[in-house]
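Count residues from 1 along the sequence.
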Amino acid sequence: MKRILLSLFILFSLHSVAEDGHQLWLRYKPVNKAKVTCDLQSPTIDIVRQELQTYYKGADIALRIDASMPDDDGYRFDGKTLSARREAGLLYGAYALLRGEKEESHPVFNLRLLNHWDNLDGSIERGYAGESIFEWFHLDEQLIRDYARANASLGINGSVLNNVNASPKMLTTPYLKEVKKIADILRPYHIKVYLSINFATPMALKETKTADPLDKSVAKWWKKKAKEIYKLIPDFGGLLVKANSEGQPGPGDFGRTHADGANMLADALKPFNGIVMWRCFVYGANHKGEDRVKQAVSEFKPLDGKFRDNVILQTKNGPLDFQPREPYSPVFDQIKQTPNMVELQITQEYLGQSRHLVYLAPMWKEFFDYVSPSQLKGIAGVANIGKDKNWCGHHFSQANWYAFGRLAWNPYLSSKKIAKEWLKQTFTKDKEFVSTMSKVMEESREACVNYMMPLGLHHIFKFDHHYGPEPDGFIASYPLEWCPVYYHKANNDSIGFDRSSTGTDATSQYREDIARTYNNIETCPENLLLWFHRVPWTYRMKDGSTLWESLQYHYNLGVITVESHHNIWHTKMRHFIDEQRWREVDERLEDQLQNAREWRDVCLKYFGQFAEKK
């Protein structure tokens with residue numbers, strides 16, 4: 001009897017242990033049997049040795065720098081020796097071994113960055129997982145070390161610490177000294193720090209009378225500031241700039257071009273091998289009346305080839321604003337003489353935030369179906385990380401951080417492979433669990449599109465916070481291009497935004513074969529139909545249904561899919577994992593289901609008042 005009671009006590013104790021998700025996918029069990037040898041000594045080598053000695057299931061393993069290997073962060077393992085051209089490669093190779101991978105691997109992109117939209121007061125723009133982990137003047141060094149380890153395990157090698165809507169204070173000496181502390185923690189994990197800047201910083205700090213990039217005093221200020229930064233942080237990566245967009249200052253305020261502004265900064269960073277990442281998310285006053293999705297190409301194509309060689313244009317995957325589905329941005333077709341990098345959004349601003357289970361790898365793979373990785377210099381992801389115990393607000397939102405890192409290393413990996421990797425490392429290797437939940441994850445993004453904005457509908461969210469539907473949204477004091485009604489233009493006859501050659505001609509910005517496909521209503525993919533075309537409610541879809549019938553079908557299908565996902569988790573997954581994470585995911589799925597029903601009901605009621613008059 002005592003033995004039975006003891007067994008029950010142990011079982012109860014195991015299941016009562018709080019599991020908050022803080023360990024992410026790094027749930028290695030100590031083995032403590034590997035003997036690791038290396039001729040080199042450094043903080044990075046110490047990390048590699050410690051990780052392998054503690055967690056690697058093999059026996060003897062040697063670490064070797066091999067100058068004959070490609071000059072990148074790749075690694076090779078022959079069963080006994082882990083080799084790399086750089087120390088970073090040994091670090092990434094160690095984590096690959098702990099993940100169970102033993103084949104040689106090299107990164108596709110040199111720049112693999114997280115962009116944090118964190119503010120100096122601790123808040124995070126479009127953050128849904130608590131406050132910033134970068135608590136200025138009160139840094140939690142262990143938390144930042146944990147963050148570095150998680151990123152290094154994926155091969156992420158850069159971190160932009162602050163919001164693109166940047167405060168000028170970020171470049172003052174007290175904050176730069178804090179940045180140095182973070183850089184010192186990240187350095188052994190081979191993660192460089194970068195900063196977003198306010199373009200008018202010297203003027204805002206009252207240290208120059210202007211921020212005109214062609215003014216000598218301004219250029220001098222930036223050169224002096226660059227010297228200060230690199231004296232503190234010799235391996236500082238560079239600057240990220242949002243200029244002349246959504247009210248942010250920029251060179252346009254002084255009659256100058258984006259190239260003028262970027263080149264002035266690039267010249268200041270050049271002696272230190274720093275880069276300028278200049279965002280192409282630019283729309284507004286200079287393009288009155290022009291379709292918003294055309295404005296980036298209009299702005300930057302005339303400047304192609306006029307930027308310094310250490311300037312990279314950073315462009316969102318789609319031409320609008322991280323919608324659940326967009327076509328790829330035509331900037332990638334039009335900018336050919338200036339290096340490009342893509343900006344993806346890991347934090348789910350328009351995809352249910354941290355309330356919805358939406359796995360984003362299928363969306364990003366969709367982008368790479370059209371834009372070859374060979375066209376890109378790097379990849380950036382807007383981070384979804386905060387001080388919540390589980391880092392990301394939703395346990396399954398961790399998968400998007402993980403998937404971004406894996407695709408940043410190798411964009412040719414399948415989204416399904418990445419999902420299974422993550423599930424095995426994060427929850428359990430049980431085949432039934434992994435098979436079932438990887439299918440749920442793979443279906444989740446399309447489900448989100450269906451219950452939010454099927455068939456190419458877009459930007460019909462509630463104002464400002466972007467959670468929930470508002471297809472009737474219109475505020476007279478707002479720019480029209482911020483209002484949902486501008487994007488669907490529904491009336492009794494039709495719905496959709498005509499971007500064909502008979503409308504705004506946005507299709508012409510794409511390369512010839514894609515432009516031709518998008519321009520013709522008969523060949524345009526139906527999942528982008530209302531993005532590119534104005535379509536009668538009675539238009540016949542390829543399956544014979546009318547447009548209105550198809551919209552109703554997709555909205556209902558989205559809800560049905562979420563109902564199925566919630567039912568699977570609620571009734572079949574509980575015995576596979578700990579109670580805390582099961583319960584927290586279950587609550588999130590219940591919220592998602594209610595919100596999906598709201599989307600369906602609000603949108604079908606609103607659009608139905610037009611469609612059903614036909």
Side-chain angles (χ1 to χ4, degrees), residues 110-111 113-120 132-137 139 141 144 147-148 151 156-208 211 213 215-243 248-251 260-279 307-312 314 341 378 380:
N110 291 329
L111 294 171
L113 275 58
L114 289 185
N115 289 179
H116 289 269
W117 285 2
D118 296 26
N119 299 312
L120 299 188
S132 173
I133 65 170
F134 307 120
E135 193 173 0
W136 303 105
F137 308 106
L139 294 172
E141 294 189 2
I144 295 171
Y147 162 82
N151 282 323
I156 291 171
N157 66 357
S159 183
V160 183
L161 303 182
N162 63 312
N163 193 356
V164 289
N165 295 320
S167 168
K169 290 181 182 179
M170 189 73 251
L171 293 186
T172 59
T173 300
Y175 280 98
L176 290 177
K177 287 181 177 178
E178 289 290 285
V179 173
K180 171 184 164 43
K181 293 178 185 177
I182 295 172
D184 290 345
I185 296 170
L186 301 188
R187 187 172 294 109
Y189 293 90
H190 281 266
I191 300 169
K192 288 185 177 182
V193 297
Y194 300 75
L195 292 176
S196 295
I197 61 151
N198 181 301
F199 188 79
T201 291
M203 185 171 70
L205 296 177
K206 302 189 184 312
E207 295 182 14
T208 62
D215 185 284
K216 290 182 179 179
S217 68
V218 174
K220 183 178 179 180
W221 186 93
W222 282 104
K223 287 180 179 179
K224 183 179 178 182
K225 183 57 65 173
K227 287 181 181 178
E228 179 187 358
I229 292 171
Y230 281 94
K231 186 175 181 180
L232 288 167
I233 310 163
D235 58 350
F236 180 73
L239 303 175
L240 176 63
V241 190
K242 175 180 179 178
Q248 289 299 306
D260 293 330
N263 290 342
M264 181 268 295
L265 294 172
D267 289 344
L269 299 183
K270 182 73 170 178
F272 310 99
N273 298 314
I275 63 171
V276 174
M277 297 168 289
W278 194 272
R279 294 177 88 232
F307 292 91
R308 300 285 192 267
D309 61 6
N310 58 328
V311 174
I312 304 172
Q314 181 169 308
M341 60 190 296

- Ion pair K231/E228, N-O distance below 4.0 Å: no

- Message: Pair F199, L239 - check side chain to side chain contact (heavy atoms under 4.5 Å, CB included), show working.
- Response: CA-CA 10 Å; F199 188 79; L239 303 175; over 6 Å; no

- Message: Within the 3.5 Å criterion, strictly below it, is a donor on S159 or Y147 matched to an acceptor on the partner's side chain?
- Response: yes

- Query: Out of curiosity, L195 CG to I233 CD1, how far, rounded to the nearest 0.5 Å?
  - Reply: 7.0 Å

- For the student: nearest non-hydrogen atoms of V276 and A262, plus distance: CG2-O, 4.2 Å

- Item | Atom pair CG/CD of L113 and Q314 - distance to nearest 0.5 Å | 7.5 Å

- When the ring planes of Y230 and F236 are compared, do they come out parallel, tilted or perpendicular, using 30° and 60° as the limits? perpendicular

- Mind running side chain to side chain contact (heavy atoms under 4.5 Å, CB included) on L111 and I275 for me, showing each step along the way? CA-CA 11 Å; L111 294 171; I275 63 171; 3.8 Å; yes

- Query: Between D184 and K181, is there a salt bridge with N-O shorter than 4.0 Å?
  - Reply: no

- Here the gap from R279 atom CZ to I312 atom CD1, rounded to the nearest 0.5 Å, amounts to 14.5 Å

- Check whether any side-chain N or O of N165 sits under 3.5 Å from a backbone N or O of Q248 as a donor-acceptor pair, and report yes or no. no

- Task: Show the numbers, then the answer: is there a side chain to side chain contact (heavy atoms under 4.5 Å, CB included) between W221 and M203?
- Result: CA-CA 10 Å; W221 186 93; M203 185 171 70; over 6 Å; no

- Measuring from N115:CG to S196:OG, what's the distance to the nearest 0.5 Å? 6.5 Å

- Task: Go through the steps for T208 and D215 under the test side chain to side chain contact (heavy atoms under 4.5 Å, CB included), then give the verdict.
- Result: CA-CA 10 Å; T208 62; D215 185 284; over 6 Å; no

- Message: Contact between L232 and V179 at the side-chain level, heavy atoms closer than 4.5 Å - yes or no?
- Response: no

- Query: Near E141 CD, under 6.0 Å, is it more than 12 heavy atoms from other residues, nucleotides or ligands?
  - Reply: no

- Message: Please report the interatomic distance CG(L240) to CG(L161), rounded to the nearest 0.5 Å.
- Response: 11.0 Å

- Close side-chain approach of I229 and L171, heavy atoms under 4.5 Å: yes

- Task: Kindly indicate whether the side chain of I197, heavy atoms from C-beta on, has any atom under 4.5 Å from the side chain of L265.
- Result: yes

- Task: Verify, without hydrogens or angle tests, whether N157 (side chain) and H190 (backbone) share a donor-acceptor contact under 3.5 angstrom.
- Result: no

- Any side-chain heavy-atom pair from N263 and R308 closer than 4.5 angstrom? yes

- Carboxylate-amine/guanidinium proximity below 4.0 Å for D309 and K270: yes

- In Å and rounded to the nearest 0.5 Å, what is the CG to NZ distance from L176 to K225? 5.5 Å

